[in-house]
Number of protein chains: 2
Amino acid sequence: MASVANDFNEKQLEILQVAETLFAENGFERTSIRTIAKEAKINIAMVSYYFGSKEKLLEALVFYRTKDLRFEIENLSIEELEPMEKINRLIPLYINRINCNKGIYRILHYEITGSKNDLKLQILDDIRLKNLTAITAIIEEGQRKGIFRKDIIIPLITPTILGTFFHFYMNKHYFQNLLDLKTEIAFEEYIKTNLIQHIQQTIKSLLIYEN
Amino acid sequence: MASVANDFNEKQLEILQVAETLFAENGFERTSIRTIAKEAKINIAMVSYYFGSKEKLLEALVFYRTKDLRFEIENLSIEELEPMEKINRLIPLYINRINCNKGIYRILHYEITGSKNDLKLQILDDIRLKNLTAITAIIEEGQRKGIFRKDIIIPLITPTILGTFFHFYMNKHYFQNLLDLKTEIAFEEYIKTNLIQHIQQTIKSLLIYEN
DNA sequence: GTTTAATTTAAACGACTGTTTAATTTTTAT
DNA sequence: ATAAAAATTAAACAGTCGTTTAAATTAAAC
């Protein structure tokens, strides 16, 4: 069996990409190995052969999708920008990262809630903690400079940013009808403009409002 | 087979309650009829006998859990209160409603995304539209009185309120570790105080902030 | 008390699940 | 060309799933 720890060969990459799309469309549990195999035009035994199990396939997918992106936000907090500008850039970074990864984050956040604390959750916790550290640094910088209010519960900023996005994203059908976004492109465009703007506006208001 | 349309007998109610708890804990797909039957101390055939199918059991559950709550928010918007106070009361109403229903709303919002537009989604859409109408009325009242800013995307207010809550609620384990909320009671208490307060603060800032 | 209806049961159904086996083909190295 | 390793295959495995059946029990109606 090929190594899961570092790199993936072409066959593995194809399986990962097919699995990601199917997981995103139908969820982890609703997607069978047979469906993945059929879509990727491989034998059903190949998933076990290359990854060990369906569970480990998901773990590999999480690893594959997060390893390049883990330090993006950290780098941002180093840049020489005003705190509010940093936050403003952080939000589309967050959203696009999630939005471009076909829904793997949705699965991580909303499907693997009942399971035990195994590898894939450790990876997620790792990312979350690093992101929180970065955000905390930015906000505390803003507070020191007297720009941001000081009675903010910093760990609840991320739930507001991600939660707003996810709630919109997960209830796609409802919002497509409500906002008359008939095509996929119109929906994506609305996220990139109005939704991100709304979240930026929300966080900005929360941070710099003074009573 | 007993009628699903209106009322439920004692046996049905017990099944519904057991199913709700199990669905909330493990999700709809991960909960088997056999588990429900064992927990409710009934034969596995009784679910089909009383509800027709597992799918229809969920529909019945949604109906059962939403029929009493459908007009709560509408009533609020009629009361003689300042718009900001209405919003402030609306938020815990929202959160508690969801939080007291053992997670059925989580399933509705985050598990039934891939399925077709059948009955249970129609019920959900109905509730959502009524809630949106109520919120729109309140916000527009505040805008007319010159209290609220006018460049707000009203349909995105609900995603921020519910999304923040859900994201916190769904990532229970992570936040329990992060915020040192060891017991269930401590977690619930944090929601009722800090989380709700954070959401209220967020929405208030968003609504009344002026550049 | 007998008959009819409603409820409950154990067992089986067929379909699907993830995974493994053992044989076969293809690739690689010598 | 030959031997060893890797990749691929079809088939079967042991479970679980939701649902149905047909018989047994209980309740209700007359």
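In what follows, chains are A, B, ... by sequence order, proteins preceding strands, each numbered from 1.
- Rounded to whole Å, atom C1' of dG18(C) lies 16 Å from atom CE of M46(A).
- Rounded to whole Å, the distance from CD on E10(A) to C1' on dA7(D) is 14 Å.
- Although no hydrogens or angles enter the test, the distance criterion places a donor-acceptor pair under 3.5 Å between the side chain of T193(A) and the main chain of E189(A).
- Residue S32(B) places at least one side-chain N or O under 4.0 Å from the OP1 or OP2 atom of dC17(D).
- Phosphate contact (OP1/OP2 of dA6(D), side-chain N/O of Y50(A), threshold under 4.0 Å): absent.
- In this entry the distance linking NZ of K54(A) with C1' of dT17(C) reads 8 Å, nearest Å.
- The separation between R30(B) atom CZ and dT16(D) atom P is 17 Å, rounded to whole Å.
- Applying the Watson-Crick and G-U wobble criteria (two distances, each under 3.5 Å), dT8(D) pairs with dA23(C).
- Listed pair S53(A) / dT19(C) meets the phosphate criterion, a side-chain N or O lying under 4.0 Å from OP1 or OP2.
- Between the P atom of dG18(D) and the OH atom of Y49(B) lies a distance of 21 Å, rounded to the nearest Å.
- For I44(B), taking side-chain heavy atoms from C-beta onward, the closest of the listed nucleotides dT19(D), dG18(D), dA11(D) is dT19(D).
- Geometrically, K54(A) engages F28(A) in a cation-pi contact defined by less than 6.0 Å to the ring centre and at most 45° from the axis.
- Of all nucleotides listed (dA10(D), dT20(C), dT19(D)), dT20(C) comes nearest to the side chain of S48(A).
- Proximity of N43(B) to the phosphate of dA10(C): a side-chain N or O atom is located under 4.0 Å from OP1 or OP2.
- For the pair I42(B) CD1 and dG18(D) C1', the computed distance is 14 Å after rounding to whole Å.
- Between the side chain of Q12(A) and the backbone N or O of N9(A) there is at least one donor-acceptor pair closer than 3.5 Å.
- By the 30° and 60° cut-offs, the orientation of the rings of Y169(A) relative to F165(A) is parallel.
- The stretch residues 33-41 of chain B comes close to DNA chain C through R34(B), each having a heavy atom under 4.0 Å from the strand.
- The minimum heavy-atom distance linking I44(B) with I33(B) is given by the pair O-CG2, 3.7 Å.
- If you measure from atom NZ of K11(A) to atom C1' of dT26(C), you get 11 Å, rounded to the nearest angstrom.
- Note on D180(A) versus K182(A): salt bridge recorded, some NZ/NE/NH1/NH2 to OD/OE distance being below 4.0 Å.
- Using modelled atom types and a 3.5 Å distance limit, the side chains of H167(B) and T158(A) yield no donor-acceptor pair.
- Base pairing of dG18(C): its partner is dC13(D), meeting the Watson-Crick or G-U wobble criterion (both donor-acceptor distances under 3.5 Å).
- In this structure, the CD atom of E29(A) is 10 Å from the P atom of dG18(C), given to the nearest Å.
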